[in-house]
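In what follows, a single structure is set out as structure tokens and then discussed.
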Amino acid sequence: EKGTYPHYMLKEIDEQPGVVRKIIQEYSNPNGELSIDENILTAIKEADRLYIIAAGTSYHAGLIGKQYFEKIAGIPVEVHISSEFGYNMPLLSEKPLFIFITQSGETADSRQVLVKVKEKGYSALTITNVPGSTLSREADYTLLLHAGPEIAVASTKAYVAQVAVLALTAYVTAQSLGKDLNFDLKQELGIAANAIQTLVDSKDDLELIAEDYLKVARNAFFIGRNLDYYVSLEGALKLKEISYIQAEGFAGGELKHGTIALIEEGTPVFALATQEYVALNIRGNVKEVVARGANACIISMEGINEEGDRLVIPKVHTLLTPLVSVIPLQLISYYAALHRRADVDKPRNLAKSVTVE
Ligand code: M6R
């Protein structure tokens, strides 16, 4: 029930700090250490390559998961859009493990891939929010998101849960492989949960940003580099799906390869700058679009922020920024949709679970 909330989406956005804390709790063993099911751990360690299959927001979480498995655990990963995978299957490695990321566990595009890979005798793990869902039942293993029911069509807390569970799984795998880890993920996830809380408590400011940048906008761009790039894809999807503003997310470096042609006087450009090593480059992109009249909104992070940044998120571990930088984008989309009197929880033409291919 949405209680006093005007929309499920807003309620679900507010639940996100609690979701991260719940995941820490659900995936801690009696000694207080992060852990996952031993059989799943073995399946991941025995694989020579992970194939992440997902759609929409879950695909965006998968792109981040690839970095986690590769950078933390040293396991190669491919990420594929489920609807494409069936007819565009890459050459598979010798011992693949398929990982399906799906909030609902019912997405037909993802299920058709699961059916195909099971026919070929490969193992599959489903990461889902819904115990007993089709993709959970039909896979060999399941990891639950523990986000609680997500009712709004626009996925918010499930995305945060997916990113947290992927980080945790990669971290526990790395520990079990004896990798030298120089951070304590449990502690860092706690810090991220607090940062999410700070942002969901900044609604007034985010409502103002939505008004300043999107009230009369016909289109909007989201740019970022490295992990910020993936979050910009998610920001654009959120905005278009509920506010119907044409939005595009892309890698900052790609601007000059085409999209900059679309920048006009007043075009909103949301630039994420949470990744220290590329912060200068993304700021360079912002200068390029501002010189062409764009209305740029820089969202940076404490420690690497500069004067004039429109929003500064609290400092979190560099790998966990996607958990936090997505929150302002969700809220900006929410308020942009409200301004346009769009049906926030049930956007036109969309269903919560897409059960047709
Ligand atoms: O239930 P799933 O995670 O498999 O759903 C995948 C997409 O349909 C879903 O993420 C969709 O893109 C959302 N409406 C995004 O907010």
Side-chain angles (χ1 to χ4, degrees), residues 7-13 15-16 19 51-65 79-86 98-115 124-139 142-166 222 230-245 247-249 322 326-334 336-337 342-357:
H7 298 101
Y8 280 105
M9 184 182 177
L10 195 62
K11 173 173 178 270
E12 290 161 5
I13 287 173
E15 284 169 355
Q16 293 177 111
V19 167
Y51 292 82
I52 294 180
I53 312 288
T57 288
S58 299
Y59 171 72
H60 298 155
L63 293 169
I64 294 161
V79 194
H80 293 272
I81 293 173
S82 47
S83 62
E84 283 291 306
F85 193 86
F98 285 85
I99 300 183
F100 293 86
I101 306 179
T102 168
Q103 188 285 130
S104 62
E106 302 297 340
T107 299
D109 286 327
S110 299
R111 181 171 182 244
Q112 55 95 13
V113 180
L114 176 59
V115 169
L125 158 68
T126 292
I127 301 182
T128 184
N129 201 27
V130 184
S133 55
T134 305
L135 273 102
S136 169
R137 282 186 279 110
E138 294 180 356
T142 297
L143 283 174
L144 290 176
L145 295 172
H146 297 291
E150 190 181 65
I151 310 291
V153 164
S155 183
T156 54
K157 62 177 179 172
Y159 168 87
V160 159
Q162 286 163 347
V163 173
V165 168
L166 287 163
F222 292 78
Y230 304 137
V231 179
S232 65
L233 296 176
E234 175 58 9
L237 176 59
K238 219 77 311 164
L239 185 66
K240 59 188 145 189
E241 128 179 272
I242 60 169
S243 77
Y244 316 139
I245 298 171
E248 193 184 339
V326 75
I327 311 297
L329 305 186
Q330 296 168 345
L331 280 163
I332 290 167
S333 299
Y334 174 78
D343 187 347
V344 175
D345 283 339
K346 285 200 173 58
R348 67 187 183 206
N349 310 340
L350 291 172
K352 182 62 182 163
S353 332
V354 185
T355 51
V356 289
E357 282 180 41

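Atoms within a ligand are numbered from 1 in the order they appear, just like the ligands themselves. Here the structure is a predicted model, which is why all the values come from computation and not from measurement. Index from 1, following the sequence. Below, all heavy atoms of this structure are taken into account, side chains as well, without hydrogens, waters or symmetry copies.
Protein heavy atom at the shortest distance from atom 1 (O) of ligand 1 is Ser104 OG, 2.7 Å. Ala55 O, 3.7 Å is the protein heavy atom nearest to atom 7 (C) of ligand 1. Protein heavy atom nearest atom 9 (C) of ligand 1, with residue, atom name and distance: Thr57 N, 4.1 Å.
At least one N/O-N/O distance between Val153 and ligand 1 falls below 3.5 Å. Backbone and side-chain nitrogen or oxygen atoms of Ser58 are examined, and one is located within less than 3.5 angstrom of a nitrogen or oxygen of ligand 1.
Using a non-hydrogen distance threshold of 4.0 Å, Ser353 does not register as a contact of ligand 1. Contact annotation: Ala154 has at least one heavy atom less than 4.0 Å from an atom of ligand 1. Taking a 4.0 Å cut-off on heavy atoms, Lys238 registers as neighbouring ligand 1.
Heavy-atom contacts from other residues, nucleotides or ligands closer than 6.0 Å to NZ of Lys346 number 12 or fewer.
Looking only at distances, no side-chain donor or acceptor of Asp109 sits under 3.5 Å from a matching main-chain atom of Ser82. Not a single donor-acceptor pair under 3.5 Å links the side chain of Thr126 to the backbone N or O of Thr128. Side chain of Glu106 to main chain of Ser133: no donor-acceptor pair is present (N/O by atom type, distance under 3.5 Å, no hydrogens or angles).
The side-chain contact (heavy atoms from CB on, under 4.5 Å) test with Ile99 is passed by exactly one of Leu125, Val79, Ile53: Leu125.
Each of the atoms 1 (O), 2 (P), 3 (O), 4 (O) of ligand 1 lies under 4.0 Å from some heavy atom of Thr102. Every atom of ligand 1 with a heavy atom of Glu241 under 4.0 Å away is listed here by number and element: 13 (C), 14 (N), 15 (C), 16 (O).
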With side-chain hydrogen bond (donor to acceptor under 3.5 Å, both in side chains) as the test, would you mind laying out the steps for Thr156 and Gln16 before giving the verdict? CA-CA 8 Å; Thr156 54; Gln16 293 177 111; 4.5 Å; no
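Closest heavy-atom approach to atom 5 (O) of ligand 1 among the candidates Val130, Val354, Thr107: Thr107.
Using a cutoff of 4.0 Å between basic side-chain nitrogens and carboxylate oxygens, Arg111 and Glu357 are not scored as salt-bridged.
Thr57 OG1 to Glu241 CD: the interatomic distance, rounded to the nearest 0.5 Å, is 6.0 Å.
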